[in-house]
Amino acid sequence: MALLTRLTGPRDLDGLTPEQLEQLAQEIRTFLIESVARTGGHLGPNLGVVELSIALHRVFDSPADSILWDTGHQSYVHKLLTGRQDFSRLRAKGGLSGYPSRAESPHDIIENSHASTVLGWADGLAKANQLRGRDQHVVAITGDGALTGGMAWEALNNIAAAKDRPLVIVVNDNERSYSPTIGGLANHLATLRTTEGYERFLARGKEMLNRTPVVGKPLYDTLHGAKKGLKDVIAPQGMFEDLGLKYVGPIDGHDIGALESALKSAKRFGGPVIVHCITEKGRGYQPARDDEADQFHAVGVIHPDTGLPVAAPGADWTSVFGEEIVKLGREREDIVAITAAMLRPVGLQAFAEEFPDRVYDVGIAEQHGAVSAAGLATGGLHPVFAVYATFLNRAFDQLLMDVALHKCGVTFVLDRAGVTGSDGASHNGMWDMSILQVVPGLRIAAPRDAEEVRRQLREAVQVSDAPTVVRYSKGSVGKNVPAVGTVGGMDVLRYAGSDRPDVLLVSIGALAPVALETAALLERQGITTTVVDPRWVKPVDAALPGLAAEHRVVVTVEDNSRAAGVGSSIAQALRDADVDIPLRDFGIPERFLDHASRAEILGEIGLTAPDIARRVTGLVARLDGRLDAATAGA
């Protein structure tokens, strides 16, 4: 690591020879493989942008020039080149973020980790530079996967309107987002990748046609005269040029010299330019290249030599869903699946293999996915749209106005709901149960264990006249939590064992073990507690207000924002039923959460059994004090 360890910032790259740059690229790849193997992280994407990152920092002067990454998971090399080489706690509390972070460095301009946003950012920054008279460049690195998102094309439409506004768009084209990129744009880029080139085509055609008697020469002249039209057929970069964007490429994304030449040309142009680079995800690491699924897009802790996991993963929430949706697919021909460029991460790979004609990958286009689902439902099918909880935020309007307004039977399966941890603020699925509360007719299920995932998924797909949501956590699913009884549609997880129990503890989803532990701690303080799991948290179960009236205090515990969450909806239900007893809602505070493990974050925000029990004990003690005072006064 002789060269890498000497780097303190991008300008240290300026004096390196071509040979040293190649050596540096190799050192960086070795560093990434060894470091990410120890911590886990996004390995494949970063191995693919080593030379591109070096070229960008040699040609542009960060942070005066804004270098923007879409998405930010491919910024590890950028971090190394800007002086951040301690990867020992990557994505862990107190360590480097797995995405750009303004708190870490002035070289990180934006912290995006939701795809397709960078071109909008670039458009705004370029406009600001122009209005402020700043002679600075804006460089946006986006991917072929990110270009499947509609926001990217909305931005391109605006960027192309200003011919004299400097803005360089680098398309990092590796044929993948998580998995192979699909759709019309992907086919277009594939054409560009595989084109031999106009001049070589004409040369070969001229040689062939000139050997053809009589018609050969006139036909060649005709073809040559139709240069523009033929060029669009053979190398259809015209799609970008027709938008008013200068196109440069395709460029070998692993040739530093060629990249620098192209970027310098783009930098001098003075208007919007697209530089199309062809890269290999997982470059330089054979286990990643051999991984057909996603070329090590994201890995856990692995052995650096083999790429194999150090520890065998246990059953997780996603795999439980994946198994059950296949069973449902066998039972019902009307069930179809939708994913937004994340077939494997959301557990739909097995469904796709068994029912290839019944799964639709819409690309990174959650809005389109939701509207398309409405159309599928209207056509007599039952779509199951599996998506990360945090990404559903993008499709709220479509869920509201297209799915719910039209009473379409669509099931949204929200993976990674609640605190997810290591991927930081943007990936915690902590808003879904708040923003979805306002959708008329929508029903939300929050399974507490694997058995409930299976059961509630089956209940959800039975609903044909409204949208349903099934949301579950990230990682290991844990042991099943059996019910000991039912009240209305709710499962009772623990009876208080008292005629006038103190606390009704309403446990939401994956926090059932925390709720039961809390109840055990309260019992040690002499506080009797009933624990119920509503299962379906929207609408509030009709039996809940009556059950609450039998207790002195209601406590809700949810892996979601406290603002407008399930606790708030239960409080409203109690008010509507004239049940006037104290309620305390425990959930995620209204702030963005830094990256750390799930357990660390839950501890930090007070979603642990000791924290909850301590506060509930204080509340009951105050109630006892007021009751004693009232008795004495009487």
Inter-residue atom distance [X].[atom1] - [Y].[atom2], 0.5 Å rounding:
| X | Y | atom1 | atom2 | answer |
| --- | --- | --- | --- | --- |
| Gln367 | Asp402 | CD | CG | 10.5 Å |
| Ser434 | Asn393 | OG | CG | 10.0 Å |
| Ser498 | Ile527 | OG | CD1 | 12.5 Å |
| Leu583 | Asp580 | CG | CG | 12.0 Å |
| Arg584 | Leu505 | CZ | CG | 13.5 Å |

Full working for ring pair (Phe, Tyr, Trp, His ring centres under 6.0 Å) between Phe296 and His42:
CA-CA 7 Å; Phe296 282 20; His42 290 94; over 10 Å; no
Say whether, by atom type as modelled, one donor and one acceptor occur between the side chain of [X] and the main chain of [Y] under 3.5 angstrom.
| X | Y | value |
| --- | --- | --- |
| Asp541 | Val537 | no |
| Ser116 | Ala146 | yes |
| Gln525 | Leu521 | no |
| Lys474 | Gly429 | no |
| Gln74 | Asp70 | yes |
| Thr39 | Arg89 | no |
| Glu558 | Phe586 | no |
| Glu111 | Arg102 | yes |
| Lys538 | Arg443 | no |

Decide if atom [atom1] of [X] counts as having more than 12 heavy atoms of other residues, nucleotides or ligands within a radius under 6.0 Å.
| X | atom1 | value |
| --- | --- | --- |
| Glu590 | CD | no |
| Arg500 | CZ | yes |
| Asp576 | CG | yes |

Any [X] side-chain heavy atom under 4.5 Å of [Y] side chain:
| X | Y | value |
| --- | --- | --- |
| Leu442 | Thr468 | no |
| Ile338 | Val384 | no |
| Asn560 | Val566 | no |
| Val540 | Leu574 | no |
| Leu399 | Asp397 | no |
| Val299 | Val36 | yes |
| Leu392 | Leu436 | yes |
| Pro304 | Arg38 | no |

Show every side-chain hydrogen bond (donor to acceptor under 3.5 Å, both in side chains) that has at least one partner inside residues 477-486, sequence neighbours left out.
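For residues 477-486: none.
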Would you call the rings of Tyr76 and Phe87 parallel, tilted or perpendicular, where under 30° means parallel and over 60° means perpendicular?
perpendicular
Just checking, is any N or O donor in the side chain of [X] or [Y] under 3.5 Å from an acceptor N or O on the other one?
| X | Y | value |
| --- | --- | --- |
| Thr82 | Ser105 | no |
| Ser101 | Asp108 | no |
| Asp86 | Ser88 | yes |
| Ser476 | Asp316 | no |
| Thr390 | Asn428 | no |
| Ser53 | His78 | no |

Apply side chain to side chain contact (heavy atoms under 4.5 Å, CB included) to the pair Val553 and Val555, showing each step before the final yes or no.
CA-CA 7 Å; Val553 175; Val555 173; 3.9 Å; yes
Without placing hydrogens or testing angles, list every side-chain donor-acceptor pair under 3.5 Å for residues 592-609, not counting sequence neighbours.
| unit_1 | atom_1 | unit_2 | atom_2 | d |
| --- | --- | --- | --- | --- |
| His595 | NE2 | Ala92 | O | 3.3 |
| His595 | NE2 | Gly95 | O | 2.9 |
| His595 | NE2 | Leu96 | O | 3.4 |
| Ser597 | OG | Glu600 | N | 3.1 |
| Ser597 | OG | Glu600 | OE1 | 3.2 |
| Arg598 | NH1 | Val419 | O | 2.9 |
| Arg598 | NH1 | Asp559 | OD2 | 2.8 |
| Arg598 | NH2 | Asp559 | OD2 | 3.1 |
| Glu600 | OE1 | Ser597 | N | 3.0 |
| Glu604 | OE2 | Arg591 | NH2 | 2.8 |
| Thr608 | OG1 | Asp611 | N | 3.4 |
| Thr608 | OG1 | Asp611 | OD2 | 2.7 |

Give a yes or no on whether a salt bridge exists between Lys281 and Asp291, defined as a side-chain N under 4.0 angstrom from a carboxylate O.
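Salt bridge flag = no for Asp291 with Lys281.
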Pair Arg448 + Asp491, salt bridge at N-O below 4.0 Å:
yes
Side chain to side chain donor-acceptor pair (under 3.5 Å) between Thr318 and Asp415: does it pass, once the steps are laid out?
CA-CA 7 Å; Thr318 305; Asp415 202 317; 2.7 Å; yes
For the pair Met433 and Ser561, evaluate side chain to side chain contact (heavy atoms under 4.5 Å, CB included) and give the outcome as yes or no after the intermediate values.
CA-CA 8 Å; Met433 290 197 295; Ser561 173; over 6 Å; no
Walk me through it: do Asp502 and Thr528 pass the test side chain to side chain donor-acceptor pair (under 3.5 Å)?
CA-CA 5 Å; Asp502 295 307; Thr528 55; 3.2 Å; yes
Salt bridge (charged side-chain N to carboxylate O under 4.0 Å, His left out) assessment of Arg416 paired with Asp432:
CA-CA 11 Å; Arg416 273 77 163 173; Asp432 56 289; over 6 Å; no
Derivation of the side chain to side chain contact (heavy atoms under 4.5 Å, CB included) call for Val506 and Val557
CA-CA 6 Å; Val506 184; Val557 181; over 6 Å; no
Side-chain donor-acceptor pairs of residues 454-461 under 3.5 Å, sequence neighbours excluded:
| unit_1 | atom_1 | unit_2 | atom_2 | d |
| --- | --- | --- | --- | --- |
| Arg455 | NH1 | Glu452 | OE2 | 2.8 |
| Gln456 | NE2 | Arg535 | O | 3.1 |
| Arg458 | NE | Glu324 | OE2 | 2.6 |
| Arg458 | NH1 | Glu331 | OE1 | 2.9 |
| Arg458 | NH2 | Glu324 | OE2 | 3.1 |
| Arg458 | NH2 | Glu331 | OE2 | 2.8 |
| Glu459 | OE1 | Arg535 | NH2 | 3.3 |
| Glu459 | OE1 | Trp536 | NE1 | 2.7 |
| Glu459 | OE2 | Arg535 | NH2 | 2.9 |

At their closest point, which heavy atom of Ala152 faces which heavy atom of Leu119, and how far apart are they?
O-CD1, 3.7 Å
